[in-house]
Amino acid sequence: MSQDTDLEKIRARYGLLAVVGSNLAITAVAIFGVWQLNGDRAVIVGVLTSAFTAMAGLTTAYLGIKAVSNTAQSMSKEAGRQPDAGIATATGADSGADTGRPVGPAVPPPAEPAPDH
């Protein structure tokens with residue numbers, strides 16, 4: 001279990017390093033671009049808006065993927081520890097045959113449509 005934890009820490013560190021490095025690269029390119037524009041405000045706003053959008057999208061994607069990954073790992077660990085007590089299965093004592101299918105309330109057939117008069 002320790003090896004899995006160490007692997008996750010390494011993945012998290014390198015993933016965060018990639019995001020931070022990408023954000024720094026985007027910032028550097030945006031600063032260089034603004035510096036080269038010599039005060040053209042309309043273009044500067046466009047460059048800064050694009051840079052901010054790229055950084056926000058990259059960071060949000062990383063955090064979203066990390067959150068989903070952490071949730072999936074915690075759910076799989078919990079599922080491995082606890083038996084699935086929420087679903088009853090058909091056994092010989094319940095139905096006379098061991099089908100292994102979930103047992104629950106019977107679903108009624110669809111209602112017949114009313115005749116048109």
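Only this structure's heavy atoms are used, side chains among them; waters, hydrogens and symmetry mates stay out.
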- Note on the structure: Across all chains, not counting sequence neighbours, the side-chain hydrogen bond (donor to acceptor under 3.5 Å, both in side chains) partners of Thr59 are Asn23

- Item | ILVMFWY cluster, Tyr14 and Leu7 together (side-chain gap under 4.5 Å) | no

- Query: What about Leu16 and Leu63, same hydrophobic cluster or not, with Ile/Leu/Val/Met/Phe/Trp/Tyr joined at side-chain heavy-atom distances under 4.5 Å?
  - Reply: yes

Only pairs under 3.5 Å count here: list side-chain donor-acceptor contacts from residues 29-43, not counting sequence neighbours, and write none if there are none.
none

- Message: For a quick test of reading the model, state the closest non-hydrogen atom pair linking Ile26 to Ala54 and the distance between them.
- Response: CD1-CB, 3.9 Å

- Message: Tell me if a side-chain donor or acceptor on Thr60 pairs with a main-chain N or O of Gly57 at a distance below 3.5 Å.
- Response: no

- Message: Ignoring hydrogens, what is the shortest heavy-atom contact between Ser22 and Leu58? Give both atom names and the distance.
- Response: CB-CD2, 3.1 Å

- Message: To the nearest 0.5 Å, what is the distance between CG on Leu24 and CE on Met55?
- Response: 8.0 Å

- Message: I'd like to know whether Glu8 forms a salt bridge (Lys or Arg N to Asp or Glu O under 4.0 Å) with Arg13, so could you lay out the CA-CA distance, the side-chain angles of the two residues, the decisive distance to 0.1 Å, and finally the verdict.
- Response: CA-CA 9 Å; Glu8 276 306 309; Arg13 283 185 190 137; over 6 Å; no

